[in-house]
Amino acid sequence: MPIYKAPVEDTLFILNDVLGIERYNNIPGFSDVTPDMLHAIVGEAAKLAEEVLFPLNLSGDQEGCVRHPDGSVTTPKGFKEAYDLYRQSGWLGLAAPEAFGGQGLPYTLHTAIGEYMSSANMSLTMYPGLTQGAIAAIIEHGTDEQRATYLPKMIAGDWTGTMNLTEPHCGTDLGLLRTKAVPQADGSYKISGQKIFISAGEHDMADNIVHLVLARIEGAPEGTKGISLFIVPKFIVQADGTPGARNGATCGAIEHKMGIHGNSTCVMNYDDATGYLIGAANRGLNAMFVMMNEARLGVGLQGLSVSETAYQNAVAYARERLQGRSLSGIKAPDKKADPLIVHPDIRRVLMTIRAFNEASRAFTLWTALKSDIAHRSEDEAERQTADDLLGLLTPILKGVLTDRGFDHAVMAQQVYGGHGYIEEHGMSQYVRDARIAMIYEGANGIQALDLVGRKLGLNGGRAIMTLFKEIGDFCDENRNDERMNPYTKALKKSLNDLQSASMWFMSNAMAKPDNAGAGSTDYMHLSGLVILGYMWAKMAKTAQDLLASGAGDRKTYLQNKLVTATFYMERILPETALRRSRIEAGSDTLMALDAAAF
């Protein structure tokens, strides 16, 4: 049977020692975040993830969701009770504004515990995860009345939320959507159309479901400039704030999916459903992008989460499974064979995944901290710098972490050999679940195009230049520290590859846009490799300093950090040269064949 243990020590190392979260106590929400408080919250989240959510992961996958003839949906056994405990414990409102019943704590902390929940049970965690995005959109673009009506119930977890974009004929190109909105005399709209792939679209765990639906008001311009966003509740909210009449929003079917069987991914039919405009008319994408960006960070976290769980199980199997003898001599003389973990190629797999997971954990928390600064800091310049980086980092985090997360789930499955292909060992589920994260909230090719086509040149390249400067300054500041040479030299070399690739785009992509498209995915991964390398360099610096000052019982943990950091620099970071070479090859060969030749 699969196992999972939340990486509490690693999370606290990043938050307390690497990021120094106490330094931000001048930002609203951070003043009470002491190491003791962090330890308590993270520990309680770990307990919920390990003891409540994780035991339902395999059974939820096997049972799945069931749609009944009346359109209602039953989630797997135990899901409702687990969600109730999650809701009653206040986890959904951890970082939400206190004005609407939240606790107002940092989004960074919400992200830290979000990893555990997603690792333990990705399907179940998606229900409150989608709600978080809907909350963010309503906070930023809703009216005072809409905030008062929906936010307290959603933050409490009594109601959940969804995002409705995709239609049968319309995926990423939202300008093609056909769902229509007809204005009514009372200021509401009648929404009609069909949406597909709607995660958590219908279920039995909450009293109401608040759908955020993209639609086109009658007479609006064609394309994306004519799209508006609407709040369409499952039940119309009455004057006293309670759910009233059933709205015309129903689940027509549950999608038959490769993975995440415990989440009800629905075909949603809107038949003259009552909806309420959120934000300005024909500016729906502006409002929806708030939700999408929140979701993209959450999906990137899913890539890490699945990779972490798959890694833990692969390590456990490699320690127990006897297979062959060590190339350097027998390691288990009392047994007929040595455990898998003694073999270099198994170590290659495990170290590759471990190096990714630990750096990605730092990357997600660092990015979440940028989000907190961008939204909460009272320093305008600090907010702008953080917001610039947040916009740049979001597609990288989503694309790289989910691509690698899937790769690593497959690699972990391979450690099991034939047993990895058998459902009872659980590795098949991790592979299947990880695959969706590469697709939804914008397939990863779209993330790469967003990065290269929009984010790279935005504001004259201000964000990427900020990133270059931060990493370059770190290398310069530690140039004379011999302990840091293995890390800063490799990082500086990879940064040069990223800077050169960026300059190549500037010289070759404006006149020939296919060059940008051809190199976008490699550029996204090149950026990710450098950022993860920067995370490792920061963690190595912290570990070195702590060891030098006397690490006590953390000595082994910190020494292992340095070994893993060195592995990343030696065995993974050199891939930046390959990515740069591919980018600079351009698009000529890629686009040379006639379409009919394929």
Write out all pairs satisfying side-chain hydrogen bond (donor to acceptor under 3.5 Å, both in side chains) with one or both partners inside residues 488-498, taking only residues at least two apart or from two chains. Asp497-Thr576, Asp497-Arg580
Checking Lys538 now: which residues fulfil salt bridge (Lys or Arg N to Asp or Glu O under 4.0 Å) with it, not counting sequence neighbours? none
Shortest non-hydrogen contact from Glu294 toward Gly133: CG-CA, 3.9 Å
For the atom pair OG1 (Thr309) and CG (Asp433), what is the distance rounded to the nearest 0.5 Å? 10.0 Å
Does Arg383 offer a backbone N or O that forms a donor-acceptor pair with the side chain of Asp387 under 3.5 Å? no
What is the distance from atom CG of Leu451 to atom CE of Met524, rounded to the nearest 0.5 Å? 8.0 Å
Spacing of Leu130 atom CG and Ser199 atom OG [to the nearest 0.5 Å]: 5.5 Å
Going by heavy atoms in the side chains, are Leu401 and Leu301 under 4.5 Å from each other? no
Does Ser377 use its side chain to pair, donor to acceptor, with the backbone of Ala374 at less than 3.5 Å? no
Suppose we screen for side chain to side chain donor-acceptor pair (under 3.5 Å). Which residues come up paired with Thr160, at least two apart in sequence or across chains? His203
Quick one: sort the Tyr568 and Trp536 rings into parallel, tilted or perpendicular, breaks at 30° and 60°. tilted
Considering all heavy atoms of both residues, which atom of Ser307 and which atom of Gly405 are nearest to each other, and what is their separation? CB-CA, 4.1 Å
State whether the number of non-hydrogen atoms from other residues, nucleotides or ligands found under 6.0 Å of Met37 atom CE is greater than 12. yes
Any non-hydrogen side-chain atom of Ile436 less than 4.5 Å from a side-chain atom of Met122? yes
What do the steps show when you test His39 against Leu12 for side chain to side chain contact (heavy atoms under 4.5 Å, CB included), and what is the final call? CA-CA 7 Å; His39 190 275; Leu12 293 175; 3.4 Å; yes
Between His261 and Lys257, is there a donor-acceptor pair closer than 3.5 Å when you use the side chain of the first and the backbone of the second? yes
Taking all heavy atoms of Leu562 and all of Tyr487, pick out the closest pair and write down the distance. O-OH, 3.5 Å
Between Gln103 and Gly90 (side chain of the first, backbone of the second, donor and acceptor by atom type, cut-off under 3.5 Å), is there such a pair? yes
Any side-chain heavy-atom pair from Leu390 and His375 closer than 4.5 angstrom? yes
So do the side chains of Glu22 and Pro35 get within less than 4.5 Å of each other, counting heavy atoms only? yes
Ala134 and Gly161: which non-hydrogen atoms are nearest, and at how many Å? CB-CA, 4.1 Å
Side-chain donor-acceptor pair present, Asn515, Asn508, cut-off under 3.5 Å: no
Sequence neighbours left out, what passes salt bridge (Lys or Arg N to Asp or Glu O under 4.0 Å) with Lys541? Give chain and number order. Asp481, Asp545
Give a yes or no answer on whether the side chain of Ser118 reaches the backbone of Gly114 with a donor-acceptor pair at less than 3.5 Å. no
Would you name the heavy atoms of Ile27 and Arg376 that are closest together and state the gap between them? CG2-CB, 3.4 Å
Got Leu458 and Arg454 here, is their nearest side-chain heavy-atom distance under 4.5 Å? no
Scan for side-chain hydrogen bond (donor to acceptor under 3.5 Å, both in side chains) pairs involving residues 132-141, sequence neighbours excluded, and state none if there are none. none
Does the side chain of Phe468 reach to within under 4.5 Å of the side chain of Ser502, using non-hydrogen atoms? yes
Between Met351 and Thr564, is the side chain to side chain contact (heavy atoms under 4.5 Å, CB included) condition met? List the steps. CA-CA 7 Å; Met351 285 294 287; Thr564 312; 4.3 Å; yes
Side chain Asp372, main chain Thr108, donor-acceptor under 3.5 Å: yes
N/O donor-acceptor pairs under 3.5 Å from side chains in residues 41-50, not counting sequence neighbours:
residue : atom : partner : partner atom : Å
Glu50   : OE2  : Ala6    : N            : 2.8

Going by the angle between their ring planes, with limits at 30° and 60°, are Tyr4 and Phe54 parallel, tilted or perpendicular? tilted
Heavy-atom side-chain contact between Arg582 and Leu578 under 4.5 Å: yes
Search all heavy atoms of Asp388 against all heavy atoms of Arg462 and return the closest pair with its distance. OD2-NE, 2.6 Å
So, do Tyr127 and Tyr83 have ring centers that fall under 6.0 Å from each other? no
Would you say the side chain of Thr394 lies within less than 4.5 Å of the side chain of Leu297, judging by non-hydrogen atoms? yes
Using the ring centroid of each side chain, check whether Tyr557 and Phe13 are separated by less than 6.0 Å. yes
For Lys398 and Glu441, what are the C-alpha separation, side-chain angles and deciding distance, and is it a salt bridge (charged side-chain N to carboxylate O under 4.0 Å, His left out)? CA-CA 9 Å; Lys398 193 279 182 184; Glu441 308 314 331; over 6 Å; no
Kindly compute the distance separating CG (Asp61) from CG (Leu56), expressed to the nearest 0.5 Å. 12.0 Å
Is the Tyr440-Phe197 ring centre distance short of 6.0 angstrom? no
Find the distance between CG (Leu229) and CZ (Arg283) and round it off to the nearest 0.5 Å. 12.5 Å
Kindly compute the distance separating CZ (Phe505) from CD1 (Ile583), expressed to the nearest 0.5 Å. 5.0 Å
Side chains of Glu308 and Gln312: donor-acceptor distance under 3.5 Å anywhere? yes
